[in-house]
Student: 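I have a structure here, written as structure tokens, and I will follow up with some questions on it.
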Amino acid sequence: MTKNKKCDDTSCCKGTKLQPLGDRVVIRRETADEKTKGGLYLPDTAKDKPARGTVVSIGCGKLLDNGTRAPFQIKEGDKVLFISYAGEEFKIGDDELLLMRESDVLAIIG
């Protein structure tokens with residue numbers, strides 16, 4: 001069994017240290033559109049939550065059977081597309097963030 005490399009601390013959210021565990025990632029969701037293409041303003045209840053965001057922090061990777069960690073396919077700062085209802089929403093200060101598994105991320109937006 002090989003020794004696991006210790007994760008480095010990453011910072012986000014205006015100085016708050018946040019390190020997800022394992023194969024989890026923290027994502028800041030994009031803001032929803034305020035109005036339609038036709039110019040109508042939408043109330044908060046009618047807005048769809050975007051399934052896009054920016055990766056804020058990543059964990060150490062999934063622990064494999066041989067004791068090593070699987071490398072991530074995404075990195076901090078990537079703009080990603082994810083499953084609409086994936087993850088757990090939480091707030092740190094004024095920031096609304098999502099915590100989800102890397103497998104919930106569908107694509108990197110170029």
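Just so we're clear, the structure is a prediction, and the values are computed from it rather than from any experiment.
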Student: Any side-chain heavy atom of Asp95 sitting closer than 4.5 Å to one from Val56?
Tutor: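 No, their side chains stay 4.5 Å or more apart.
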Student: Excluding sequence neighbours, so at least two apart, what forms side chain to side chain donor-acceptor pair (under 3.5 Å) with Glu89?
Tutor: Arg29, Lys49
Student: Does any part of the side chain of Leu18, heavy atoms only, come nearer than 4.5 Å to the side chain of Phe90, both counted from C-beta?
Tutor: yes
Student: Looking at every heavy atom in both Ala51 and Leu81, which two are closest together, and how far apart are they?
Tutor: O-CD1, 3.2 Å
Student: Same cluster for Ile83 and Val80 if Ile/Leu/Val/Met/Phe/Trp/Tyr side chains link at under 4.5 Å?
Tutor: no
Student: Within the structure provided, determine whether Val105 and Ile27 are in side-chain contact (heavy-atom separation under 4.5 Å).
Tutor: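 Yes; the side chains approach each other to less than 4.5 Å.
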Student: Which ILVMFWY residues are connected to Leu64, directly or by a chain of links, through side-chain heavy atoms under 4.5 Å apart?
Tutor: none
Student: If you round to the nearest 0.5 Å, how far is CZ of Arg24 from OG of Ser103?
Tutor: 9.5 Å
Student: Side chain of Arg69, backbone of Gly61: donor and acceptor closer than 3.5 Å?
Tutor: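 Yes, Arg69 side chain to Gly61 backbone: donor-acceptor pair under 3.5 Å.
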Student: Applying side chain to side chain donor-acceptor pair (under 3.5 Å), name anything that partners Thr54, two or more places apart in sequence or on another chain.
Tutor: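 Checked Thr54 against side chain to side chain donor-acceptor pair (under 3.5 Å); matches are Lys79.
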Student: Report the distance from atom NZ of Lys62 to atom CD of Glu102, rounding to the nearest 0.5 Å.
Tutor: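 Here the interatomic distance stands at 10.0 Å.
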Student: Search all heavy atoms of Phe82 against all heavy atoms of Met100 and return the closest pair with its distance.
Tutor: CD1-CE, 3.7 Å
Student: Under the salt bridge (Lys or Arg N to Asp or Glu O under 4.0 Å) test, which residues partner Asp104, sequence neighbours left out?
Tutor: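 Result, salt bridge (Lys or Arg N to Asp or Glu O under 4.0 Å) vs Asp104: none returned.
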Student: Name all residues meeting the side chain to side chain donor-acceptor pair (under 3.5 Å) criterion together with Lys75; count only those two or more places apart in sequence or in a different chain, and write none if there are none.
Tutor: Asp78
